[in-house]
Amino acid sequence: MATRASQLFLPTLRDAPADAEAVSHRLLVRGGFVRQVGAGLWTFLPLGWRVHQRIVGIIREEIDAIGGQEMLCPVLTPAELWERSGRSRYPEVFKLRDRNDRQFVLPMSHEETFTFHAAELQSYRQLPQVWYHFGTKDRDEPRPRGGLLRVREFIMKDSYSFDRDEAGLDESFARHAAAYRRIFDRCGLTYYEVEAEPGMMGGSESRDFLAPAGSGENELALCENGDFGADTEVARAVPTRPDFPPALDAPEEIETPGITTIEALARFLGIDARATSKAMPVVKADGTLVLGLVRGDDRLHDVKLEAALGSAFRPAEEEEIRRALGAGGGSLGPVGATVEVLADEALREGQFVAGANRDGVHLRGVQAGRDYAARFADIRQVREGDRCPACGGRLSLQPAIELGHIFKLGTRYSEPFGATFLDETGIERPLVMGCYGIGPGRTMAAVIEQHHDDRGIVWPDAVAPYAAHVVALPGVEEQAEAAAQALEQSLGRGAVLLDDRDARAGEKFADADLIGCPIRVTVGRKTLEDGRVDVRRRVSGEEERLPISDLETLR
RNA sequence: CGGGGCGUAGCUCAGCCUGGUUAGAGCGCCGCGUUUGGGACGCGGAGGUCGCCGGUUCGAAUCCGGCCGCCCCGACCA
């Protein structure tokens, strides 16, 4: 039986809430799919929940297909489990106590709980295992935003693989990656699978699935030739080559009074800013000062620098800088520095202008290796116009949504939880784990970001709330009913929304466009003159007039 | 957590600066009528602790203080 719009809780809005910025946020609210309860807290209304469930269905099929076993872990979790993993100290973990003052957490993902259960695995004969659930996650996000894009509570499909060794993990990881590709393909998404930053999950390798979208929070570097895509937090790119001035046999001092910026320096010397270097003194968590060095036109990338330092850091203060290097910001350089120099790869080759560690003096012709010793690492921010490391093509940057993230955890959790098994030689070994997450709600938002026009959402067939939307114009109730029934035969039970509301045609059309079901069928006096109805495709706008009986076999 | 902005009807907003009838508009909602293929029109109507608490004042949506909530940017972040 078709769903009747007259009885459906489907509060569509003519105006979007004033504070909604992201396209998906605006359309989800306007289309009556979701409503906000608090910052980062959303209720899925009937239509929104249908879409969510369709995405859940796709994920379930694909994870089942790689041998996943669905189960369900509780949300409320004894804090003790999180003490064991050490994650209870993360600030985004919600913590609470019961009446007896026992401590609990609301998990942001379920590694601890799944690993707790994995302790019951005993033999290599049982491996590998892939377990998953659609679990509610809570995160004390510093800043929820963009409707469903970043929220404080959401449902996530998280799966966990348990293998006997690294080779097994590689296999489980690869199978998940393949399943993820099928899932996002089926959802009609354009996405890139890229190396990623493991973040707070811990573990070695991790891969992100990023969907380019106007409202994304990640930044994707893409090659014009389509052979490279990476998150700029880890992307390695080839910077454009500087125009170097003639090489010198040794560094040469130049007076640069009052010049402390790269722009001023390049202008003063009449050289390419790319042929200069700039030094950023930072202090590691243990108090050591390190001189970060990047090319003059580049910017230091925090995440990369932190990874290269192997420690958190803060910018050094003026006083610390003077004490360590003998000059102020703007005149710093690697030559003669007594602290560790961490230089960007771009500075390996060539001669650059650098600060002389004396106020108002620079050195030209400074060459790594010859004039100073440095440790090299990729610590620069990727920029628009950089060259592709694979083919040399031009890179562009665009915002993207993180759809899913998969990690090789190794024994990060199995060891503290004593989740071990016996191998065939009777030796006890820790399980080698992987974890894999997808947020259906965020995926839903990403689909809208990629599939909409100025009238509303254009759902891909696989995730549309209804396959067909029947617009019943006044005076043709019976025929509209017949059309809806015929459509259910071809499109499936429950796949039809029948707009039987007492509303004007324009209003119904506008709502149909907003809600975005793939097929709209209009039944009205005009079409029925010869016993037919109008069938219109949301994507293309193509319309054809067909007899109601033809609807029974509609694609 | 830092910066900025906002909080008045279901939604979008005016009124606040310069305190003073009964707090307004458009959309939406209810009733009646005319309409009826791209958000109609007329008439009638319902709907408000002006975010909360306190202060100033004869009098506060309006001025002052505190708190709460929400949005955006940054920090942070699957």
Side-chain angles (χ1 to χ4, degrees), chain A residues 11-22 25-26 29-30 32 35-41 87 90-93 107-111 135 137-147 149-152 154-159 180 196-203 206-210 215-219 231 233 302-303 306 312 314-315 401-407 409 435-443 455-456 471-476 480 499 501-514 520-529 533-534 536 541 543 545:
Chain A
T12 56
L13 260 27
R14 192 180 292 218
D15 303 308
D19 49 32
E21 297 262 303
H25 182 185
R26 300 172 65 86
V29 173
R30 278 229 292 142
R35 281 296 183 264
Q36 185 165 23
V37 177
L41 300 174
R87 288 164 97 204
Y90 291 172
E92 34 283 294
V93 179
M108 33 191 256
S109 62
H110 279 78
E111 281 75 3
K137 314 299 173 193
D138 288 275
R139 295 185 182 180
D140 191 353
E141 289 288 347
R143 183 148 106 81
R145 74 181 102 188
L149 290 175
R150 173 159 230 96
V151 294
R152 291 200 291 180
F154 62 105
I155 289 172
M156 177 162 89
K157 183 289 296 175
D158 40 334
S159 33
Y180 273 39
E197 221 274 316
M200 67 174 83
M201 309 299 301
S206 93
R207 212 175 285 170
D208 245 337
F209 290 80
L210 295 180
S215 308
E217 293 184 292
N218 293 60
E219 196 175 39
D231 190 309
E233 292 198 348
D302 297 0
V303 177
E306 187 169 324
R314 61 173 172 82
I401 295 168
E402 184 181 19
L403 297 169
H405 203 159
I406 60 180
F407 302 83
L409 293 173
C435 73
Y436 317 89
I438 297 182
R442 183 183 275 186
T443 301
R455 292 169 182 271
V471 172
L473 296 175
V476 297
D499 191 349
R501 295 173 304 167
D502 179 20
R504 303 183 67 78
E507 198 170 340
K508 293 188 176 192
F509 291 143
D511 272 352
D513 290 342
L514 212 208
R520 186 186 81 191
V521 175
T522 306
V523 187
R525 290 208 187 86
K526 209 184 279 182
T527 60
L528 289 169
E529 277 165 13
V533 297
D534 287 336
R536 185 188 179 100
E543 193 160 42
R545 190 157 286 188

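In what follows, every chain begins at residue 1, and chains take the letters A, B, ... in the order their sequences are listed. Only heavy atoms go into these numbers, but all of them, side chains included; no hydrogens, no water, no symmetry mates. None of the values given here were measured: they were computed from a predicted structure.
Between A:Arg145 and A:Glu217, at least one side-chain nitrogen of the basic residue sits less than 4.0 Å from a carboxylate oxygen of the acidic one, meeting the salt-bridge criterion.
Comparing A:Gly506 and A:Gly147 by the nucleotide of RNA chain B that holds the closest heavy atom to each, the one mapping nearer the 5' end is A:Gly506. Looking at which nucleotide of RNA chain B each of A:Arg501 and A:Phe154 is closest to, the 5′-most match is held by A:Arg501.
Not counting sequence neighbours, the partners of A:Arg455 by the salt bridge (Lys or Arg N to Asp or Glu O under 4.0 Å) test are A:Asp513. Not counting sequence neighbours, A:Arg30 has no partner by the side chain to side chain donor-acceptor pair (under 3.5 Å) test.
Side-chain N/O atoms of A:Arg139 include none lying less than 4.0 angstrom from OP1 or OP2 on B:C77. Proximity of A:Arg504 to the phosphate of B:A40: a side-chain N or O atom is located under 4.0 Å from OP1 or OP2.
Heavy atoms of A:Arg520 sit under 4.0 angstrom from at least one base atom. Contacts of A:Glu217 with the nucleic acid, taken as non-hydrogen atoms under 4.0 Å apart, are absent. Here A:Gly38 lies in heavy-atom contact (under 4.0 Å) with sugar-phosphate atoms only. At a threshold of 4.0 angstrom between heavy atoms, the contacts of A:Ala16 are confined to the sugar-phosphate backbone, with no base atom among them. Nucleic acid contact class of A:Gly437 (heavy atoms, under 4.0 Å, all strands): none. Within 4.0 Å (heavy atoms only), A:Pro17 reaches sugar-phosphate atoms of the nucleic acid but no base atom. When heavy atoms are screened at a 4.0 angstrom cut-off, A:Asp511 is found touching base atoms of the nucleic acid.
The same atom, P, is picked in B:U57 and in B:U62; the two are 16 Å apart, to the nearest Å. Look at the P atom in both B:C63 and B:A75: the space between them is 35 Å, to the nearest Å. Rounded to a whole angstrom, the distance from the P atom of B:A40 to that of B:G28 is 7 Å.
Nucleotide B:A25 forms a pair with B:U12, judged by Watson-Crick or G-U wobble geometry with both contacts under 3.5 Å. Using Watson-Crick or G-U wobble geometry with both donor-acceptor distances under 3.5 Å, B:U34 finds its partner in B:A40. Base pairing of B:C77 is not made with any nucleotide, judged by Watson-Crick or G-U wobble geometry with both donor-acceptor distances under 3.5 Å. In this structure, B:G65 and B:C53 make a Watson-Crick or G-U wobble pair, each of the two defining distances being under 3.5 angstrom.
Donor-acceptor pairing under 3.5 Å is recorded for the side chains of A:Asp511 and A:Thr12.
In this structure, A:Lys137 atom NZ and B:C77 atom C1' are separated by 17 Å, rounded to whole Å. In this structure, A:Asp499 atom CG and B:G37 atom P are separated by 15 Å, rounded to whole Å. Put simply, CG on A:Leu473 is 9 Å from P on B:G38, counting in whole angstrom units. B:A78 atom P lies 16 Å from atom CG of A:Leu149, rounded to whole Å. Atom CZ in A:Phe509 sits roughly 15 Å away from atom C1' in B:A40 (whole-Å rounding). Taking atom CD on A:Glu507 and atom C1' on B:U36, their separation rounds to 12 Å, with Å as the unit. For the pair A:Asp208 CG and B:C77 P, the interatomic distance rounds to 14 Å; values are reported in whole Å. Atom CZ in A:Arg150 sits roughly 13 Å away from atom C1' in B:A75 (whole-Å rounding).
Closest to the side chain of A:Arg442, out of B:A78, B:G38, B:C70, is B:A78. Candidate nucleotides B:G37, B:G38, B:C76 were compared by shortest atom distance to the side chain of A:Ala510, and B:G38 ranks first. The A:Arg455 side chain lies nearest to B:G38 when the options are B:C76, B:A78, B:G38. Taking every side-chain heavy atom of A:Asp15 into account, B:U12 is the closest of B:G37, B:C27, B:U12. Minimum atom distance to the side chain of A:Thr527 is reached by B:G37, of the listed B:U36, B:C70, B:G37. Here the side chain of A:Glu92 is nearest to one of B:G39, B:C70, B:C76, namely B:C76. In the set B:G38, B:A78, B:A75, B:G38 carries the atom at the smallest distance from any side-chain atom of A:Arg536. Side-chain atoms of A:Arg14 lie closest to B:G39 of the nucleotides B:G39, B:A78, B:A75.
Using a 4.5 Å heavy-atom cutoff, the side chains of A:His110 and A:Met156 are not in contact. Residues A:Ser215 and A:Glu21 fail the side-chain proximity criterion, which asks for heavy atoms closer than 4.5 Å. Within the 4.5 Å cutoff, side-chain heavy atoms of A:Arg139 are placed close to those of A:Ser109.
Taking all atoms of both residues into account, the shortest heavy-atom contact from A:Ser206 to A:His405 is OG-NE2, 2.9 Å.
With hydrogens and angles ignored, no donor-acceptor pair under 3.5 angstrom links the side chain of A:Arg143 to the base of B:C77.
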